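A short worksheet on the structure shown next.
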Number of protein chains: 2
Amino acid sequence: MANKKVYYFGDGSAEGEASMKNLLGGKGANLAEMCRIGIMVPAGFTITTEVCTEYYELGKKMPSDLRDEVDAALARVEKSMNAKFGDASNPLLVSVRSGARASMPGMMDTVLNLGLNDTTIQGLIKKSGDERFAYDSYRRFVQMYSKVVMGVDADNFEHHIDHVKEQKGIKLDTELTAADWKAMVGAFKAIVQKEAGRPFPEDPRDQLWGAIGAVFSSWMKQSAITYRKLHEIPEWWGTAVNVQSMVFGNMGNDSATGVCFSRDPATGDKRFYGEFLINAQGEDVVAGIRTPQQITVVGKDLQKSTLPAMEEAMPDLYNQLCGTYRKLEDHYRDMQDMEFTIQQGRLWMLQTRTGKRTAAAAIKIAVDMVNEGMISKAEAVGRVDAGSLDQLLHPTFDPKAKKAAEVLAVGLAASPGAGAGMAVFTADDAEAWTNDGKQVILVREETSPEDIHGMHASKGILTARGGMTSHAAVVARGMGTPCVAGCGAIRIKGKEFTTDKGKVVKEGDWISIDGSTGQVMLGKIGTMQAALTGDFGTFMTWVDEIRTMKVRTNADTPEDAAQAVKFGAEGIGLCRTEHMFFQEDRIIAVREMILAKDEASRRKALAKLLPIQRGDFEGIFRAMGARPVTIRLLDPPLHEFIPHDDKGQEEVAKVLGVSKTEVKDRVSALKEFNPMLGHRGCRLGITYPEIYEMQVQAIMEAACNVMKQDNTEIIPEIMIPLVGYLSELASLRARSVNICESVIKEKGMKVKYMIGTMIELPRAALIADKIAKEAEFFSFGTNDLTQTALGISRDDAGVFLTEYVDKKLIDKDPFVSIDQEGVGQLVHMGVTKGRQGRPGLKIGVCGEHGGDPSSVRFFHKAGLDYVSCSPYRVPIARLAAAQAALEKGDVSSTA
Amino acid sequence: MANKKVYYFGDGSAEGEASMKNLLGGKGANLAEMCRIGIMVPAGFTITTEVCTEYYELGKKMPSDLRDEVDAALARVEKSMNAKFGDASNPLLVSVRSGARASMPGMMDTVLNLGLNDTTIQGLIKKSGDERFAYDSYRRFVQMYSKVVMGVDADNFEHHIDHVKEQKGIKLDTELTAADWKAMVGAFKAIVQKEAGRPFPEDPRDQLWGAIGAVFSSWMKQSAITYRKLHEIPEWWGTAVNVQSMVFGNMGNDSATGVCFSRDPATGDKRFYGEFLINAQGEDVVAGIRTPQQITVVGKDLQKSTLPAMEEAMPDLYNQLCGTYRKLEDHYRDMQDMEFTIQQGRLWMLQTRTGKRTAAAAIKIAVDMVNEGMISKAEAVGRVDAGSLDQLLHPTFDPKAKKAAEVLAVGLAASPGAGAGMAVFTADDAEAWTNDGKQVILVREETSPEDIHGMHASKGILTARGGMTSHAAVVARGMGTPCVAGCGAIRIKGKEFTTDKGKVVKEGDWISIDGSTGQVMLGKIGTMQAALTGDFGTFMTWVDEIRTMKVRTNADTPEDAAQAVKFGAEGIGLCRTEHMFFQEDRIIAVREMILAKDEASRRKALAKLLPIQRGDFEGIFRAMGARPVTIRLLDPPLHEFIPHDDKGQEEVAKVLGVSKTEVKDRVSALKEFNPMLGHRGCRLGITYPEIYEMQVQAIMEAACNVMKQDNTEIIPEIMIPLVGYLSELASLRARSVNICESVIKEKGMKVKYMIGTMIELPRAALIADKIAKEAEFFSFGTNDLTQTALGISRDDAGVFLTEYVDKKLIDKDPFVSIDQEGVGQLVHMGVTKGRQGRPGLKIGVCGEHGGDPSSVRFFHKAGLDYVSCSPYRVPIARLAAAQAALEKGDVSSTA
């Protein structure tokens with residue numbers, strides 16, 4: 001027996017159901033599901049994806065038995081809708097849509113109002129009582145159908161409309177009359193005859209078969225083929241076709257249309273919420289031409305609306321709608337966003353889907369539903385979009401004020417939150433102006449470690465260059481300061497910038513930046529601080545009950561560390577020692593060290609740094625208590641610590657008492673073509689072992705001091721960066737152990753310590769089994785691992801990566817969300833080989849990806865022990881880790 | 001039964017043999033082998049490596065049954081040497097050496113003259129007839145033994161010697177008398193007592209056991225442990241101990257010592273060759289204090305020596321020696337380098353090893369030995385060091401003149417050969433001076449593509465920065481021009497440079513550079529061009545008979561291509577289109593294209609380039625005939641084509657008729673932090689598709705034109721660089737196919753063409769299975785693959801990579817010889833996955849490693865179809881590929 005080819009739905013019943021997505025496509029399966037639970041949905045049917053495959057197997061011909069099945073289904077639809085396809089007085093009109101398993105660009109979208117012709121139009125005029133509307137619908141149908149089914153260039157029709165308007169001396173489509181549109185239908189059909197070489201089909205059944213064939217044909221359009229190739233969707237999946245009757249909310253005062261939510265999507269309050277319009281089409285509600293009315297009386301009062309609520313105007317239908325929304329929420333067990341149409345006194349649900357909500361609402365709804373016994377805690381945890389928590393942790397702009405503001409440019413949304421201030425162009429100015437009580441946004445070509453003090457002082461940071469993991473972006477995220485990075489549309493010159501539209505912003509002008517969207521706006525826009533509610537605390541408790549992977553933070557100061565602990569950090573995964581080098585009391589000694597001519601003078605300068613670094617580490621150990629702290633030894637190239645400008649170099653020379661030429665020569669000797677791939681990380685430790693020795697000594701002495709004073713056990717984790725060869729690690733580890741042991745001996749204490757390494761070069765992942773022999777822990781540095789595995793400099797990538805995303809060559813910026821296909825293989829390799837080399841090896845990640853939800857899920861699956869991210873992303877990582885545990889099935893989702 | 005612990009050798013027989021290297025160590029096994037074939041070697045014995053392991057298992061104690069075996073062996077030695085250990089009148093003296101499977105730094109080296117004490121010294125005085133020599137030997141023994149066996153700091157002895165000389169008012173050791181040395185022996189023993197807390201052992205057996213214990217102990221010295229760890233040598237291998245009797249060539253006029261070669265090591269001529277000295281020690285021959293005598297009369301005549309040859313002076317011993325050298329050459333089936341000593345009329349062979357030889361000699365000997373029926377062709381091919389062929393293809397300095405020259409500095413030996421010329425500091429000067437008939441060496445901080453014309457004009461290139469694969473190095477090797485790169489010891493300022501020793505070289509001063517050693521010398525040193533002999537041709541025929549992997553060349557011009565074909569290239573593996581962009585007629589259009597504000601103007605500029613590029617490709621296709629040519633589409637970032645200096649930018653502005661600011665703005669917009677990881681390769685093709693379209697069109701039109709005119713079949717291979725994502729390749733491939741097909745249609749011809757990609761990013765190797773679906777061939781770009789896999793910028797690596805090699809952290813510069821452990825894994829992955837994705841996929845390599853013998857062997861094993869290298873390395877690659885085939889057993893080595 002041949003498989004069933006057509007699945008009917010309507011009349012509160014359906015032949016299909018939600019689980020039949022592969023056969024009916026996503027759209028068809030969902031329409032069936034709604035009917036199946038007794039919701040009134042305009043009747044229709046779905047032609048299965050198998051028919052599409054058969055169509056191609058038959059050489060683009062419809063299977064012979066399809067026609068009968070379609071006819072039978074159509075008859076049921078006619079009966080259900082009490083209208084007849086092609087009927088002059090009571091015509092059934094339908095929409096035809098494609099519907100694959102996954103939504104797919106390049107596929108045929110929609111043909112509406114199919115079934116109209118010179119006969120049935122009369123019925124539509126009669127039913128709607130609006131001739132202009134009817135003819136406008138008709139000509140739209142001809143246009144849409146001719147384009148997507150018959151391949152006529154849409155410009156032909158647009159040109160004709162323009163031509164008619166010109167002749168009539170009018171400008172707007174709305175000025176065209178019913179007669180104009182009627183004439184247009186005739187003209188359009190003439191165009192079709194000329195362009196397509198065949199007449200526009202008058203017979204509704206011909207129209208229908210044409211549209212079905214067009215859906216199938218669109219499966220093999222070049223754009224669809226390319227999309228499938230890039231997304232590895234097999235060709236044999238095929239597409240389904242959905243044919244559904246049209247209903248109209250504008251057929252008189254007993255008709256209406258609206259949208260509603262089963263709970264308030266802004267606050268999450270358990271309150272039915274929505275808007276509707278009488279005698280109107282769906283588009284009218286969205287377009288805002290007419291002021292919509294509230295659905296509930298409560299809503300009307302809250303909105304101070306003077307128009308009657310649906311509860312008052314159409315009490316019966318309102319009660320039907322209430323029954324429907326409750327049924328849908330109960331069935332889908334989540335807050336629903338619904339569209340409905342009332343046609344001549346009859347309620348039709350057109351769509352229901354899980355409603356979008358703010359982060360605050362998401363948490364409230366999740367917590368409420370658990371309390372209502374509707375969902376489990378695990379489900380609640382699974383419901384909240386981890387990334388959205390950002391909204392709760394950062395200030396946002398007042399939406400109305402923001403809407404009114406002039407957007408100057410859009411850059412990368414590099415660090416979330418809203419910030420407004422006067423534009424300043426140097427870090428020193430940022431600090432000085434702030435000290436004068438002003439509020440500033442620091443605008444820089446790019447930032448460098450020398451700008452840290454200015455970045456700290458600013459309300460926001462805007463850079464013209466650099467990507468999502470540029471210095472500005474990383475540091476800003478760590479500080480929780482909004483940042484828009486890589487904003488190529490601005491050009492900075494001295495103390496002003498010009499946008500690509502020619503707008504000039506001078507020092508002192510107010511600007512506002514939205515680090516969550518990348519927008520740069522003119523003027524001072526008010527901000528609102530979102531407050532953390534009790535629900536948030538409850539919710540995060542559930543999160544931690546489910547989560548199995550630890551979450552640490554990247555923090556370089558006791559303040560950041562303390563903030564992160566408040567957000568739930570369980571340790572420090574990355575403490576970057578070099579960030580400490582820039583404070584005024586130490587940068588001089590650092591520079592002295594760099595300019596030293598031999599090891600002896602270098603050691604002299606390092607001796608000055610030792611007590612300062614020890615103090616830094618004491619502060620951090622204290623802030624973290626007994627939590628583990630991983631400290632990375634010096635990583636960046638030395639030239640980052642010496643000013644590159646003439647004036648700065650002169651000052652350095654003066655302070656250090658050397659000639660300016662000497663400073664210049666050193667700067668020039670340190671210059672590199674590709675600093676990212678240069679003399680940095682453990683390579684510094686190899687060529688200047690005394691630097692790492694000082695740092696290890698400072699770490700161990702600090703640990704001893706804090707252990708003694710606070711009576712806490714501290715287990716410092718010393719991390720050696722940028723290891724590529726086993727020999728590098730073996731050599732540096734041996735030296736470090738020597739120092740550690742001698743400090744322990746001198747202090748007369750027992751201190752456990754660990755020496756580990758970062759896996760941030762492909763070679764390190766490839767030989768992780770060997771490296772693990774010398775490493776007590778691994779931490780993936782996925783920023784650098786991404787840069788090297790992909791051969792992409794994160795600071796230079798802005799120019800082309802955005803274009804890659806736009807052109808759909810890649811889904812996401814690989815510096816935001818880890819490239820699982822490529823870099824992910826190296827992570828898997830590092831984990832597997834690492835634990836081969838040292839069973840039970842502790843492995844974490846400390847790149848920026850540690851705070852990205854989908855990356856966190858990946859790391860959980862890869863078997864990492866922890867992720868580490870900037871303090872403000874710790875709650876996000878906690879939630880993502882819990883969701884990962886649920887997905888992987890480590891915890892039962894009905895727990 | 002316990003394993004045999006001691007293996008005797010001597011008297012022309014031995015208990016061990018060459019195959020017992022694991023048990024006897026390398027040295028012990030070879031001494032045994034010589035005895036076994038009846039060569040007279042001073043008798044001795046080897047304690048096995050197993051004893052070392054047992055020694056440690058016993059807690060650093062000698063196995064109980066060792067003593068008896070040693071005593072027995074020692075008795076055989078005494079008998080063989082007719083002397084007695086510890087005897088006052090006829091003492092046996094021995095040397096003690098360590099001997100592991102592989103030579104290993106950190107291990108105990110040698111103790112000579114063991115057995116001397118206040119009694120036996122008398123016997124030595126008597127036998128040698130030289131009291132001063134005897135006491136000097138005695139004090140040396142005490143010094144050496146105390147240091148390596150008893151751990152006394154060597155400085156103690158040196159200080160004492162200095163002290164004595166000072167007291168006596170003399171400066172040289174040679175001024176010290178026999179009595180002085182005698183007194184010194186006593187003083188040294190007193191020092192030992194004081195420093196070691198125990199007396200110097202007088203009993204020769206105590207001395208012997210002390211030395212044996214010291215050899216075993218040295219196996220666990222920190223330096224040896226570290227070395228083993230880095231080279232993955234297992235600890236259980238252990239070391240053997242070799243105890244061998246001493247013989248002396250300075251015991252009167254019936255004693256002598258000498259070195260000889262079974263054939264001439266300089267020319268390869270079949271002629272016994274060597275030097276000796278009567279009544280002398282081995283060191284005297286090497287040290288050159290006395291003028292050595294020739295061994296043969298022929299040699300004497302050739303050298304115009306007036307001293308009698310050994311053939312005349314000691315005819316019997318000469319005949320014995322001839323018998324010995326023939327036996328050894330016959331046994332080892334290769335030219336031998338031997339050391340011998342005649343002690344009181346008796347000939348002893350001390351060592352034989354395969355003799356080092358010049359490249360020319362290596363080829364002559366190999367060809368001769370095949371003709372003599374001594375070795376097979378395959379063996380002959382295996383015998384010649386592939387890397388040494390460089391000597392035959394490039395000029396070398398006159399060795400005497402070079403020896404006398406002042407070495408100013410040493411940089412990287414970046415491109416082999418010798419070159420002399422006047423120093424010039426700009427490419428324009430290099431060209432102008434050469435046009436004036438002068439000979440120049442171009443000295444640059446680093447070179448860029450803008451310098452190509454000056455590089456072409458120069459006799460040699462010297463750069464202060466950049467590594468083995470810097471622009472200067474790569475281009476120079478391609479041209480066959482000598483280059484010393486990354487010479488950090490020179491500092492360039494304007495038109496002069498200063499060395500780190502303060503020497504100044506001004507424009508016009510003569511300098512000479514040796515690109516095979518990295519030396520930079522003052523003055524004009526004469527060069528000699530090595531000629532290719534008929535033997536070379538014969539030899540290379542055998543090479544090609546054995547070789548299975550193809551060898552192509554990297555060439556960008558018809559001239560280079562023609563040169564490479566002469567050297568045996570079988571195709572072009574990499575034609576870099578961008579090198580063509582710098583010639584004067586095209587750089588203007590290139591810059592116009594880069595400065596274009598929109599696609600339309602870019603296309604206009606590209607239209608000017610099209611015919612020029614087409615011409616370039618026609619030239620190359622013609623030069624290569626039917627051989628395959630792989631053309632890489634534009635790879636470097638656009639900023640490489642615009643001058644970075646003010647003057648240059650002004651000129652560009654003038655030529656193109658735009659404002660200087662416009663040029664400056666574009667340069668600044670194109671600036672990158674890490675250009676290596678920036679907007680280049682296929683990323684340019686994605687953002688500016690019109691550039692690749694022009695290039696593909698030029699390639700296809702050129703192929704059609706040459707096919708039509710020359711009636712040759714040409715199959716262009718179009719290569720898309722820097723692919724990381726499948727989507728990049730899929731998109732660019734589709735566009736390229738469109739262009740190809742439309743050219744084919746327009747020209748009305750049938751042209752096969754292939755579109756492939758480079759595998760030069762780790763990600764590409766990781767997803768090679770997917771990439772292969774869209775690529776008809778792969779070419780590994782191992783330069784960039786090394787840079788990214790290791791995270792090392794080749795241009796910046798000089799600073800630390802040399803230190804890594806010096807500190808033994810790595811064996812070889814990974815840019816010279818491929819990092820098999822790390823990058824090698826990516827190559828294997830690329831090959832395996834690539835051929836999974838497309839069975840039979842053609843795979844080659846076009847990085848610099850394609851011309852490095854050990855890398856070529858690796859590529860052969862990895863299953864590559866071809867390697868591609870610069871023209872002058874083609875013969876080297878051919879030989880290395882043949883040797884790889886032999887090693888892998890693809891060809892029988894007795895073929």
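Everything numeric in this text was worked out from a predicted model, so none of it was measured. All chains are named by letter (A, B, ...) in the order of the sequence lines, taking the proteins before the strands, and each is independently numbered beginning at 1. Computed over heavy atoms, backbone and side chain alike; hydrogens, waters and symmetry mates excluded.
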Exercise. Do A:R683 and B:E803 sit within salt-bridge range, that is, some charged N less than 4.0 Å from a carboxylate O?
Worked result: no

Seminar exercise, completed: Rounded to the nearest 0.5 angstrom, the NZ-OG distance for B:K808 and A:S727 is 12.5 Å

Problem set entry | Within-4.5 Å side-chain heavy-atom neighbours: A:L790 and B:Y725 | yes

Seminar exercise, completed: The single option from A:I792, A:L677, A:D795 that satisfies side chain to side chain contact (heavy atoms under 4.5 Å, CB included) with B:L677 is A:L677

Problem set entry | Between B:E728 and A:Y804: side-chain donor-acceptor atoms closer than 3.5 Å | yes

Exercise. Of the backbone (N, CA, C, O) and the side chain (C-beta and beyond), which part of A:R465 lies under 4.5 Å from a heavy atom of chain B, both, or neither?
Worked result: side chain

For this session: Could you tell me which portion of B:D819 (side chain, backbone, both or neither) has an atom closer than 4.5 angstrom to a non-hydrogen atom of chain A?
Result: side chain

Problem set entry | B:K660 NZ: over 12 foreign heavy atoms closer than 6.0 Å | yes

Exercise. With chain B, which of A:M676, A:R763, A:R680, A:E446 has the greatest number of heavy-atom pairs at distances under 4.5 Å?
Worked result: A:R763

Seminar exercise, completed: Per-residue tally against chain B (heavy atom, under 4.5 Å) across A:G822, A:A669, A:A765 peaks at A:G822

For this session: Take B:I767 and A:Q825 through the side-chain contact (heavy atoms from CB on, under 4.5 Å) test and state the conclusion after the steps.
Result: CA-CA 9 Å; B:I767 62 157; A:Q825 284 194 47; 4.0 Å; yes

Exercise. What part of B:S731 is in contact with chain A, defined as an atom under 4.5 angstrom from a non-hydrogen atom: side chain, backbone, both or neither?
Worked result: side chain

Problem set entry | chain B contacts, top residue of A:G724, A:A464, A:P675 (heavy-atom pairs, under 4.5 Å) | A:P675

Problem set entry | Heavy-atom pairs under 4.5 Å with chain B, option from A:K671, A:E760, A:M829 with the top count | A:K671

Exercise. What distance separates B:H679 NE2 from A:S793 OG, expressed to the nearest 0.5 Å?
Worked result: 12.5 Å

Problem set entry | Top of A:V823, A:L826, A:D784, A:L761 for chain B proximity - count of heavy-atom pairs under 4.5 angstrom | A:L761

Exercise. Can you check whether B:I686's main-chain N or O pairs, donor with acceptor, with A:K807's side chain at less than 3.5 Å?
Worked result: yes

For this session: Select, from A:A797, A:G791, A:S668, the one with the greatest count of heavy-atom pairs under 4.5 Å involving chain B.
Result: A:G791

Problem set entry | Under 4.5 Å from any heavy atom of chain A - which part of B:R491 | side chain

Problem set entry | Side-chain donor or acceptor of A:D796 paired with backbone N/O of B:N674 under 3.5 Å | yes

